[in-house]
Each structure stands twice: as structure tokens, then as C-alpha cells.
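Have a look at the structure below before the remarks.
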Amino acid sequence: MADQKRLFLLDAYALIFRGYYAFIKNPRINSKGMDTSAILGFTNSLLDVIKRERPDHLAVCFDKGGSVARTEAFPEYKANRQETPEAIRIAVPYIEKILQAMNIPAVVKAGYEADDIIGTLAKKAEKEGYKTFMVTPDKDFAQLVSENIFMYRPRFGGGYETWGIPEVQEKFGVERPEQVIDFLGMMGDSVDNIPGLPGVGEKTAKKFLAAYGSMENLFKNTHELKGKMKEKVEASQELGLLSKDLATIMLDVPVEFHQEDFEMCMPDIHATKEIFNELEFRRLTDNFEKTFAPPEESTQKTETSAPVVKKPVAKSDGQFDLFAAPGTGNVTEEESSSGFKTITNTNHFYQHVNTPLSRALLLKKLLQQPSVCFDTETTGLKALEVELIGIAFSWEAGKGYYVSFPEDQGETRTILEAFRPFFESETIEKIGHNLKYDIKVLSNYDMPVKGKLFDTMIAHYLINPDMRHNMDILSETYLNYQPVSITELIGKKGKNQLSMRVVPVKDQTEYAVEDSDITLQLKEHFTKELDSGNVTKLFNDVELPLVSVLTAMEIEGINLNTDFLKELSVALSDDIARLEKNIFEQAGEEFNIASPKQLGIVLFENMKLVEKPKKTKTGQYSTAEDVLSYLAKDHQIIADILEYRQYKKLQSTYVDALPNEINPKTGRVHTVYAQAVAATGRLSSNNPNLQNIPIRTERGRQVRKAFIPRDENHVLLAADYSQIELRIIAALSEEETMIEAFKNGEDIHASTAAKVFNVPLEEVTREQRSNAKTVNFGIIYGVSAFGLSNQTDLSRKEAKALIDTYYETYPKLRAYMAEQVDFARDHGYVETVLQRRRYLKDINSRNAIVRGAAERNSVNAPIQGSAADIIKLAMINIHNRFEKENFKSKMLLQVHDELVFDAHKDELETIKPIIKEEMENAYKMAVPLDVEMGIGENWLEAH
DNA sequence: TCATGGTGCAA
DNA sequence: TATTGCACCATGA
């Protein structure tokens, strides 16, 4: 069994306490007067375990907020535990930091004790064929010991002892480890304030167990006892059983054992040592290095002798050495003897460039490259408002240059101008991370970026859309290298945040070129991964061309009628004030209506409007719209609150907020599209979000009147796909009935209603159509009977019947959905019409809730994602045609199935057919796509 | 100051 | 116990 995988689970608090008390006679105090005993004690144990055992899987488990279940059962549980010593309280955050730096997972679950977490994980790991070692001094864990679960118990005076079944049998005098629970229940535990049986200590408990085997059996046979003991035991049966319950480690904590999460990996040596340094742990640091540093590193004695080395910039101010870079500068990937993959950045060469001569030399080199990575440094985050501070360039791993710019914007333009041949080169590929940002910054200086692009953020988004795509994280994942964080340079955001301008140019160089260098190296990884994910074509033909389209749309912005919004705001304020007065009168008190907490108390405690109010997951009263709207017809105050809320929402989120988003330079609103956020392939919009402007209510819809054409020569044109998602599901499922309905141009919801309610099309009632519409949408999302009945007036039973009839009407649709789920199970992912993938790691989860969500995703993602694919294709084609024809009209917004244009009046009749044609023919399917267009003096009219 | 929960807007 | 998002407000560490 030598190759059986081993999991080590550390009981954090138990080890921390133990460490602390080990030093109690001469506590460790560092030069700042801080008691570091607990931290040192714990960290020693941790390193010890790693060094001795070299576990392949390891985690540290913490308590959080005590055990809800036990405290509920017995309020006195752990009540007489003395207050946590100061040294231990301050230790925990440090220990968390250390674990983070060492890449060791910390497991916590509010309301559960570490015992329960460890127990649950150990049992789960056992099922996966692991041997688990519970690292803890706490003997209570003995109850969990089995053939594959052991206690790994630190011995006083050093060393460890492993408790398996024989050891437990011997120590507790039991046959089976589970009997340890009876043992503990009988003798109690003063530390945890578990009462136990009065008068029963270790000896008696052992005796009882030997004789009766369990507490229950003891109680059945009390007639065999005698004297005082008989009386006592008989009188305290309830107490005994409660004690047994308290001593039982729970095995149903909602934690998952995903092997990969618990895998030991290389610590961030640099970060770990920094923390140890701060705490002044010298011996520990040595110990740590011996444990982790690969042998060749520890003998080489570089500056920090760690696998991740950050050296100062080589010759960053000697601009005349520009191309005399030492040939040693390189980044190598190697398998160290410890088996950890590390990147050793031995001697990178990053150079600052700030003279005309060096810039000329750099440009000459740039123009010789087939492909170059660049990254801009700026004064802020809003690409269209910031100034350029520097640009880093790199084309060879471990090497790069940083061109800095002065504050004078005229000079900046002049310097930048020299690089025009590079940026405008059609043949040099431009690599970057979130290139849209850099291209927008350069556009502030009228510097276009041409040629093929390679965006590592988008590449990774296609490789795995569910993950995060920060460069820092990607670097750590793919290069095992932790880059200098921007926070290290300029601090956390807030009023104390520095501008990049005041960072020494040497540090700017280091930071900026490193980012560019990393991005360049990521490209190599991603080129391969795009291929293995079969998304290279999607990347090259859709996502990368889209970067330029979105850039243009964002730069364009949209015009806003602020005067109109001001009036709207005043009108809303009036109504809000009136409603607020009414609400306070009806409630008989004043309170903050916007506070769900206060509102809940007023409605459900003070006014007692409902018998059993619905609660949220945190135990507050729910005051959500779908809850309150049931009550609105019986209680005027509820109706008023809902109206109040609606107006407040409109005012704060739209009417008052939008004018603040106007760019002072252009006078227009420039949203930012996120191309790598939505897991399905959709875009998202922010700062401001222009994809959720109200339309459903009359009052909300008014906000759309504020979006107006550029000037009197333009109108707004809105073009939207009609029912694109239903058309896609019809086409993909090859459901003839539905396809025919679309081909015949029928109203799909009415058509569905006619079929499921079995009435002629012309006799479909409003209600029937509405219910059919809800089901049509629900199908796309994977609705349940419960969900449908919540959304409609139908009962659960009626909802179920409706869904059943729906599937009978469209049998192939149901088959298609099942196919998607099967595909996901087999392949671990689903894909869209353009082979965009979404991985569904939970599709085979044992947890039915988690699995259900993954199953719904396997149906929904291809539909939502295919719709996203199609409109992206249309956008690219429209943009290209507009460019080619040099139209004054511009595409401004995308709202998932809708495109909005500033249409020049003279071009209107030319562009209308172009837009319609490109949208409807973007992707051919068995179902025709239909686009509706409208024109108006504002966005509302354009619909 | 920041993270989180509750709420609500869109497709 | 319906998919994907973003933003506002209140709240408490």
C-alpha cells in the first residue's frame, strides 16, 4: 500500500493552543514586544509534518463561530472555556497569511468546528482511497480512527505518534473506535464543559465499556449496578445521552473533498519569508528553506536564494547599453528535485529608455520583430481620461524595455509619435493583456494600433471562461511566478493611493516590463491551450476582431439629455417624498425604508402584517419584491413601499447616476464592455452598465428618452433579434414543430400556447400566451414546476402539467436537453455553435443541488452562448462594412440581442438594409433569424 | 475603508 | 427550487 495517497488534516486551533502552551514558561517575544509563541508553535508543527511526512495532500482546518448544532443542543457547551489569550488571537491572522503564502488550503465553515470538518473530510477522502492523518493532540478524534484514518499526534518533547485501531483499542479499552464516543460521553470533558455521567471518570468509564459496550446498553442494565453509582447513573441518563451527542464528531459538514484543492504545491518562498522576517523567525526561516528550496538553489546563494527571485533592474539607467544585454538573461522552467515546477528568473534584463537615441534604437529593433508585447502605464483606470506615463515592450522572455513619458502632454505626444511606425505596422503582431484598454489609451493621442492582435486575457477566457483572468493569477498558475503587485507599488486604492507618476522610474520599469514579459510568456502557453480546446478559430475570427469593434464603440460613446434627466429627478423626488410621508404615517414610526433590516422589523414585528414572514438565508425577514407584491393588495403600506422602492431605484441607479458618467472631454457616456467576464460568451457592460436600462415599467422606460442622437443630423436606430434564443434551441434540437412556427413567422408564444392548451391560434387568451411565454423562457433556463408556479398564477400541479404537455408538444426539445447533459457528463464541457466551450466541473457531483445547477448550465450555456456568438459575428461584419464605406453612422451599444446606432439621416436608407442583412445572415441555421428595427429621436422611440 | 448581503434592473 | 450580468444601499468588521 506504499503508493496509497495520503491526506494530512491539521486541527488549527488545537495546534495553536498547544504551541502557545509549549512556550508558556518562556514566551517568544520579538523586538516589537509581540508574543509570537502561538504562531511559532503552530508553524513549527506544520513544517515538521511536511518535512517528516512529505504529504501529497494537506489542509488546515479552522473553527469559525463555534458549533451551532452543539450550542443549540446545550447552551453551556464550551461555556467555561477561558477567554482566548491575546497571543492566540493575534496569531490567527498571521497564520492565515502564512498558509496563503505557502499555498496551503485553510478550510473553515461557519457554524462548524474543525473536528467536524476534519471528520467529514477524512470520511470523504477514505471513499476516494486515501489514508488520512488527523494532525491534532485532541484525543476526541480517536472515535474517527479506521483502517484508513489515523491520528497523528504530537508527543510532548518532540516527535509524533500515530494512532491506528490497535492504539485506540489499547488507550481507551474499547473494541471499536466508535466506542470512544461512549467513553467521552460517560466521563465528560471539563475543557469543553461536556457534563458526562456524574461520578464517572476514566476508570469507571473503561470498566463500563468493557462490561456493556455502549452507554445505551449500560442504561438497560443499571440493575446490575449497586449503591450510589446505580442511583447516579439511573438519574442521569438524559445527561449522559446529551454528553454523548456533544462528543460525537459530525460527519455531514457541507464541505467537499476535491482532491486537487488539497494537493501540496510549491509555497511562495518570497512571500513566506517576508512574513517570517517580520515576525523575526530566524531558525524557522532556515528550516523552511531547507525544506523547500531545491538543492541547486540553496548552494547557489543568489540574493534571496529562493526559486522566485526578484532582482533589481539590471542597468536600468545606462541607456547607452541598450542593446548590449548580457546573454544570460533568461527565464528557465525546470523540474527541481522536490518535484515542484518552478520558474527561476535568474537574470532578467529590463531597461529604461528615455533619450532620443535609445528610443530610436528601440524603434529600429521593434520594427524587426514579427510580434511584440506591450503594456501601457497610465495615471488611472478610465482609459479615455488617463494620461500615458510609460510603455513597456518585450519580444523575448526575460528581456524588455520601458519608454517613459513626461507630464507635459505635448512632449508626450512628440515622443509617442516616434513609435507610430510600430503601432501602425500591419505586419507586427501586437500582444497584450486586455489590449482594448491600451488601444483606448493610445487613441487619446490619436495613435491607432494596427496589425494582428493577441490578447492573453481573452485567450484565457476562451480556454476556461469560468476562471478569473487577472494577469497576476495567470502568472502564478501558468508560470509559477508571482509578479510585483500594483498595490505594492502604489498602495491600496483609496485617498492614500499614489499615482504611478511618483513611483521611481526604476520601479516603474521593473513593474511594467515584468507585466509585459509575463504576458509574452503566457502567450506561448495559451497558443497551445487554445488549440487543445479547439477555440483557436473562435479566438482569431471572432474575439480578436471584436476587440477593435468594441474599442470603437466605447470611444464613440452615446449622447445623453441631461436636462431631461434633471426634470425626471425632480419629479421622482416629489413622489418619493410623498410616499415616504404616507409610509411613516401608516407605520406609525419613522425608519429607513431602504434598509431591508429595519423595514422587515417594522412590517413583520411591529405591524405583524404576516403570520409567518419569509426569511432570507441570513435569517432576516425578506422584503423582496416577489414577497411583498402578494401583500400589496391587502396593505396600502406595502403598495406604497413598492412604489417608493421603484422610484428610489430609478433615481439612484439611473436618473442621478448617468449624468455623472459623462466624459468631460467628449460630453458623452462611454460604457466599458467586458469581453472576458460572462461565462457563456456574452459581453457585459459597466461604468455605467448600459445593458440594464429600464424598459418594463412606464416610469422606468422614461429613462430611455434620455439617450439621444449625436446631433440634429442623426437619429438613433435600434435593431434587435426577435426571439433569438428560442430560434437557436429550435434549430439545435431540430424540433420541426417549432421550426415551422418560426418559418411561418408566427408569434411563437401564441403558437406554443395554441399547441399546449390545444386551442386554435386565434383563440389563445392573453393569459395562455403569457403562461406559454413563461414556459418558453423557463425551458431555456431549466425551470422546475416549482419555479414556474412561482412565476405564474399556476399551482405547482398545473405548472407540472403545463411543462409535461410542453415536452409532449416539442419532444425533440426535451431530447436535445438530455443530449446536452449527456455530452457534458461525457466530455466535461458543452459548446456553442462556434465551439465556444463552457466546462461544467460539477456535472457529476454527488450533491444533487450542485449537479442540478450544472445540468441547467449544460442546456443554457450553448443557447445563451450561441446567441452571443451570432451577434458578435454581426457586429464585426457591420463594423467592417461601415469602415469600408466610411459611414458617418456609428454602432454605439450592444444589449445582448440588440444593437444601437447613431444613424446619420443621409445614410439611413443605406445602412438599414446593411444592418438587417448582416444581423440576419451572421450565422445560418435551420431557422431563419429575424431582426426588427426602429428609429427615433431617443432610445425609447427607436423601439 | 472594504467586503458582503439584499435588492432590483436588463437580456 | 430559472440563466447571464452590474450597481445601489445598508451594515459591520
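Here is how names work: the chains are called A, B, and so on, in the same order as the sequence lines, proteins then strands, and each is numbered from 1. Because the structure is a prediction, the values reported are computed rather than measured.
- In this structure, the side chain of A:S858 engages the main chain of A:E855 through a donor-acceptor pair within 3.5 Å.
- Among the heavy atoms of the strands, none lies under 4.0 Å from A:K648.
- Put simply, CD1 on A:I870 is 15 Å from C1' on B:dA11, counting in whole angstrom units.
- The base of B:dA11 lies outside donor-acceptor range of the side chain of A:E898, with no N or O pair under 3.5 Å.
- Residue A:N860 is in sugar-phosphate contact alone, with no base atom involved, counting any heavy-atom pair closer than 4.0 Å across all strands shown.
- To the nearest angstrom, C1' of C:dA2 lies 14 Å from CG of A:N776.
- Residue A:V677 places its side chain closer to C:dG5 than to any other of C:dT11, C:dG5, B:dG8.
- A close approach under 4.0 Å does occur between a side-chain nitrogen or oxygen of A:N592 and OP1 or OP2 of C:dA10.
- Of the candidates B:dC9, C:dA7, B:dT7, C:dA7 carries the atom nearest the A:N686 side chain, counting heavy atoms from C-beta on.
- The side chain of A:R856 places an N or O atom within less than 4.0 Å of a non-bridging phosphate oxygen (OP1 or OP2) of C:dT3.
- Within the 4.0 angstrom heavy-atom criterion, only backbone atoms of the sugar-phosphate kind lie near A:V895; the bases stay farther away.
- A 4.5 Å side-chain heavy-atom check between A:W939 and A:I558 finds every atom pair outside the cut-off.
- Phosphate proximity of B:dG8 to A:R696: absent, as no side-chain N or O sits under 4.0 Å from OP1 or OP2.
- Neither OP1 nor OP2 of B:dT7 sits under 4.0 Å from any side-chain N or O of A:R645.
- Here B:dG8 presents its C1' atom at 8 Å from OH of A:Y654, a figure rounded to the nearest Å.
- Residue A:P928 comes nearest to A:F742 through the heavy atom pair CG-O, 4.4 Å, listed as atom of the first residue, atom of the second, then distance.
- For C:dC6, one of the phosphate oxygens OP1 or OP2 lies less than 4.0 angstrom from a side-chain nitrogen or oxygen of A:S684.
- Atom CG of A:L599 is separated from atom P of B:dT7 by 9 Å (rounded to the nearest Å).
- If you check the side chains of A:S795 and A:E798, you find a donor sitting under 3.5 Å from an acceptor.
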What do the steps show when you test A:H749 against A:F777 for ring-ring contact (aromatic ring centres under 6.0 Å, His included), and what is the final call? CA-CA 10 Å; A:H749 302 313; A:F777 280 113; 5.7 Å; yes

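- Nucleic acid contact for A:A785: none, since no nucleic acid atom lies under 4.0 Å from a heavy atom of the residue.
- Environment of CZ in A:R578: crowded, with over 12 heavy atoms of neighbouring residues, nucleotides or ligands closer than 6.0 Å.
- The shortest distance between the side-chain N/O atoms of A:T653 and the OP1/OP2 oxygens of C:dA7 is not below 4.0 Å.
- Out of B:dT7, C:dT1, C:dA7, the shortest distance to the side chain of A:T616 is found at B:dT7.
- For A:T623, whose side chain is taken as the heavy atoms from C-beta onward, the closest listed nucleotide among C:dC8, C:dA2, B:dT7 is B:dT7.
- Contacts of A:I780 with the nucleic acid, taken as non-hydrogen atoms under 4.0 Å apart, are absent.
- Atom CD1 in A:I863 sits roughly 17 Å away from atom P in C:dA2 (whole-Å rounding).
- Contact annotation: A:S622 reaches the phosphate of B:dT7 (side-chain N/O to OP1 or OP2, under 4.0 Å).
- In terms of phosphate contacts, A:T680 brings no side-chain nitrogen or oxygen within less than 4.0 Å of OP1 or OP2 of C:dT3.
- Residue A:K597 has a polar side-chain atom (N or O) positioned under 4.0 Å from OP1 or OP2 of C:dG12.
- In this structure the side chain of A:H635 reaches within 4.5 angstrom of the side chain of A:L631, judged on heavy atoms.
- With distances taken from any side-chain atom of A:Q864 to the nucleotides B:dA11, C:dT3, B:dG8, the minimum falls on C:dT3.
- Contact annotation for A:S789: no contact, since no heavy-atom pair falls under 4.0 Å across all strands.
- The side chain of A:I695 lies closest to B:dA10 when the candidates are B:dA10, B:dG6, B:dC2.
- One atom, CG of A:L650, and another, P of C:dA7, lie 17 Å apart when rounded to the nearest Å.
- Comparing B:dA10, B:dG8, B:dG6 by their nearest atom to the side chain of A:T618 picks out B:dG6.
- Nearest nucleotide to the side chain of A:R838, out of C:dT1, C:dT4, C:dA10: C:dT4.
- For A:D897, counting side-chain heavy atoms from C-beta on, the closest listed nucleotide (C:dT3, B:dA11, B:dC9) is B:dA11.
- Using a 4.0 Å cut-off, some side-chain N or O of A:Q598 falls inside it from OP1 or OP2 of C:dT11.
- Taking 4.0 angstrom as the limit, A:N857 places none of its side-chain polar atoms (N or O) nearer than this to OP1 or OP2 of C:dA2.
- One interatomic measurement links the two molecules: CD of A:E625 to C1' of C:dC9, which rounds to 18 Å at whole-angstrom precision.
- The listed nucleotides are B:dT7, C:dA10, C:dC6; the one nearest the side chain of A:N689 is C:dC6.
- Between A:I593 and A:F584, some side-chain heavy-atom pair lies under the 4.5 Å cut-off.
- A:Q791 places its CD atom 9 Å from the P atom of C:dA2, with the value rounded to the nearest Å.
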